[in-house]
Each structure stands twice: as C-alpha cells, then as structure tokens.
Amino acid sequence: LKVIWNKNKYDVKFCLDGTGAELKQKIHSLTGLPPAMQKVMFKGLLPEEKTLREIKVTNGAKIMVVGSTINDVLAVNTPKEAAQQEVKAEENKKEPLCRQKQHRKVLDKGKPDDVMPSVKGVQERLPTVPLSGMYNKSGGKVRLTFKLEQDQLWIGTKERTEKLPMGSIKNVVSEPIEGHEDYHMMAFQLGPTEASYYWVYWVPTQYVDAIKDTVLGKWQYF
C-alpha cells in the first residue's frame with residue numbers, strides 16, 4: 001500500500017485479512033499518529049471492523065491519512081488553517097482557476113443579470129439578506145443564506161435548498177475572476193477531495209473574507 005500522511009509517503013506491506021483498526025496501529029508505528037487521531041481514507045472513511053479484503057483494497061492502493069500528532073495540536077496552527085495554507089500553495093502552482101475549462105463554461109455566460117453590486121478594496125460583514133445573483137457550476141442561479149443561529153449554510157437553487165452544517169465544510173477556496181477582479185469564484189469543500197467542491201461564481205469581493213471567516217469559524221458575531 002501507499003500510505004500518504006502530511007505530505008509524507010510510506011510504502012507499507014499489510015495483510016489483506018488485517019482490519020482497519022490493525023492498519024491504524026501499523027500507521028501509528030510509522031508516523032507516531034495515535035489511532036484515535038487518525039482519519040484513514042480509502043473511497044471514503046475506512047471502517048475499523050472490516051478487513052482490507054472486504055472493502056476491496058488492492059495491491060498498490062493509495063491510503064490517505066488525515067490527523068495531527070499531539071505536538072501539532074498543541075502548536076498554534078489549527079488543522080483548518082493548515083489545510084487552507086496547503087490549498088493556497090496548490091493554487092499558486094496551477095493556472096488560474098478561471099481559465100480552466102469547467103469554469104470557463106459558466107464564466108463565458110457573463111455576469112448574471114441580477115448580480116449583486118461589488119465594492120472593491122473593502123471588506124464588509126455579511127448582509128442580513130441572502131447573497132443572490134450568482135451561478136453554480138451547471139450555470140443555474142444560486143443563493144447563499146447564512147443561518148448563524150443554526151450554524152448552517154443554506155445553498156438554494158430553483159429546485160432545492162441544501163442545508164449544510166458549517167462544521168461539515170472542510171475548506172473555502174476563492175479566486176478573483178480575471179477581467180472582473182471585483183468578483184470571485186468560490187468553492188465550498190464538502191468532502192475529502194476536490195471532486196466535492198461546490199462552486200459558486202460572481203461572489204462580490206467585499207463579502208469573500210466574511211464568508212470564509214463565518215464558515216470556518218473565525219468570526220464571532222455579537
């Protein structure tokens with residue numbers, strides 16, 4: 001197996017009839033990461049009680065491990081901040097997101113006719129009304145409602161409204177739209193991989209920081 005943790009890769013020989021719990025012990029011996037603090041991922045969260053054979057792990061499979069050692073937890077950085085920094089570093093390596101084909105499809109439609117006005121160079125708190133006049137990745141209209149008293153983000157389209165607990169959102173990524181830098185494209189990461197990003201386009205720049213702070217729990221409203 002290839003076990004990947006914290007940018008480190010380990011080649012591991014492990015019996016297919018071993019359980020997820022036993023694999024966690026093996027990972028502990030390699031990384032010093034206590035089993036209780038490990039999130040082990042293979043096509044979703046690895047069940048501790050099942051054997052690798054039962055969950056169809058094959059030779060050479062990649063196993064992702066997320067978690068911090070006690071020393072890391074005591075350090076200042078929270079896991080979410082560390083995750084954000086990693087994402088930022090990744091973004092810097094890639095071409096601008098707005099040039100990628102999947103995003104061009106939506107951006108080439110131009111601004112929505114009911115887009116909210118943007119204010120450059122200013123950071124504002126979230127308005128009391130939902131943020132509207134934005135597109136999702138299929139080009140449908142989308143609005144964001146921040147239910148702070150319920151600690152939920154509501155993502156509403158014509159068809160339905162998804163009510164997401166803020167704590168379930170792993171990260172928030174954003175980037176200015178080329179040629180329209182007063183608006184951003186933004187993604188909410190709902191699962192462990194990039195495939196779980198929910199993209200929203202034409203977010204007014206003045207609300208970007210407030211959205212990130214609200215969702216990732218750094219901003220207190222009193």
Side-chain angles (χ1 to χ4, degrees), residues 41 43-45 80 83-84 86-88 90-91 94-221:
M41 248 90 74
K43 297 180 180 172
L45 208 54
K80 274 194 175 171
Q84 267 199 297
E86 274 180 37
V87 168
K88 274 209 180 100
E90 275 301 304
E91 282 171 3
K94 295 179 187 168
E95 64 174 338
L97 291 167
C98 56
R99 287 192 207 156
Q100 292 175 14
K101 197 167 150 193
Q102 56 162 331
H103 303 306
R104 281 262 53 103
K105 269 194 318 200
V106 182
L107 295 172
D108 286 347
K109 287 175 69 163
K111 287 183 195 174
D113 45 13
D114 57 348
V115 72
M116 293 178 85
S118 68
V119 186
K120 246 186 177 170
V122 175
Q123 291 181 12
E124 291 186 13
R125 286 189 163 201
L126 291 174
T128 49
V129 296
L131 292 178
S132 58
M134 298 171 294
Y135 288 137
N136 60 17
K137 71 176 177 190
S138 54
K141 286 287 180 65
V142 65
R143 70 184 172 279
L144 302 175
T145 310
F146 294 87
K147 294 281 184 184
L148 301 181
E149 65 287 351
Q150 293 162 28
D151 204 28
Q152 289 180 344
L153 167 62
W154 291 11
I155 299 178
T157 59
K158 200 166 66 178
E159 295 77 30
R160 64 197 187 126
T161 298
E162 284 203 56
K163 300 178 179 181
L164 303 170
M166 300 274 195
S168 71
I169 300 169
K170 310 272 188 296
N171 203 4
V172 182
V173 177
S174 76
E175 186 180 284
I177 296 169
E178 268 188 337
H180 303 276
E181 278 75 13
D182 46 342
Y183 288 94
H184 279 230
M185 47 192 283
M186 178 174 275
F188 300 99
Q189 186 179 345
L190 309 181
T193 65
E194 280 191 25
S196 68
Y197 283 9
Y198 187 99
W199 284 100
V200 178
Y201 304 85
W202 304 103
V203 180
T205 184
Q206 69 269 27
Y207 299 130
V208 168
D209 284 344
I211 291 171
K212 287 183 179 179
D213 291 341
T214 301
V215 171
L216 299 175
K218 294 181 201 163
W219 197 298
Q220 295 297 320
Y221 290 81

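Residues take their numbers from the sequence shown, with the count starting at 1. Values reported hereafter were calculated over all heavy atoms of this structure, with side chains retained and with hydrogens, waters and symmetry mates removed.
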- Item | Cationic N near anionic O, under 4.0 Å, Arg125 to Asp213 | no
- Query: Checking salt bridge (charged side-chain N to carboxylate O under 4.0 Å, His left out) for the pair Glu178/Arg99: CA distance, chi angles, key distance, verdict?
  - Reply: CA-CA 8 Å; Glu178 268 188 337; Arg99 287 192 207 156; 2.8 Å; yes
- Message: Checking ring pair (Phe, Tyr, Trp, His ring centres under 6.0 Å) between Trp202 and each of His103, His180, His184, which is the one that passes?
- Response: His180
- Task: List the steps and the verdict of side chain to side chain contact (heavy atoms under 4.5 Å, CB included) for Asn171 and Tyr197.
- Result: CA-CA 9 Å; Asn171 203 4; Tyr197 283 9; 5.6 Å; no
If you look at every heavy atom in [X] and [Y], which pair is closest and at what distance?
X	Y	value
Val172	Val215	CG2-CG1, 3.8 Å
Val208	Met186	CG1-CE, 3.8 Å
Gln189	Ser196	CG-OG, 3.7 Å
Lys141	Pro112	CE-CB, 3.8 Å
Gln206	Ser118	OE1-CA, 3.3 Å
Pro204	Pro117	CB-O, 3.8 Å

To the nearest 0.5 Å, tell me how far [X] [atom1] sits from [Y] [atom2].
X	Y	atom1	atom2	value
Leu216	Met166	CG	CE	10.0 Å
Trp154	Glu162	CH2	CD	13.0 Å
Lys163	Thr145	NZ	OG1	10.0 Å
Thr157	Met134	OG1	CE	12.0 Å
Arg143	Ile155	CZ	CD1	11.5 Å
Gln152	Ile169	CD	CD1	10.0 Å

- Distance-only, no hydrogens or angles: does the Tyr183 side chain make a donor-acceptor pair with backbone N or O of Met116 under 3.5 Å? yes
- Message: I'd like to know whether Phe188 forms a side chain to side chain contact (heavy atoms under 4.5 Å, CB included) with Leu164, so could you lay out the CA-CA distance, the side-chain angles of the two residues, the decisive distance to 0.1 Å, and finally the verdict.
- Response: CA-CA 10 Å; Phe188 300 99; Leu164 303 170; 5.7 Å; no
- Query: Considering the options Val106, Leu107, Val200, which one meets the side-chain contact (heavy atoms from CB on, under 4.5 Å) requirement together with Met185?
  - Reply: Leu107
- Message: Parallel, tilted or perpendicular: which one describes the rings of Trp199 and Tyr201, with boundaries at 30° and 60°?
- Response: parallel
- Item | Other residues, nucleotides, ligands: >12 heavy atoms within 6.0 Å of Lys137 NZ | no
- Passing option when Asp108 is tested against Lys111, Lys105, Arg104 for salt bridge (charged side-chain N to carboxylate O under 4.0 Å, His left out): Arg104
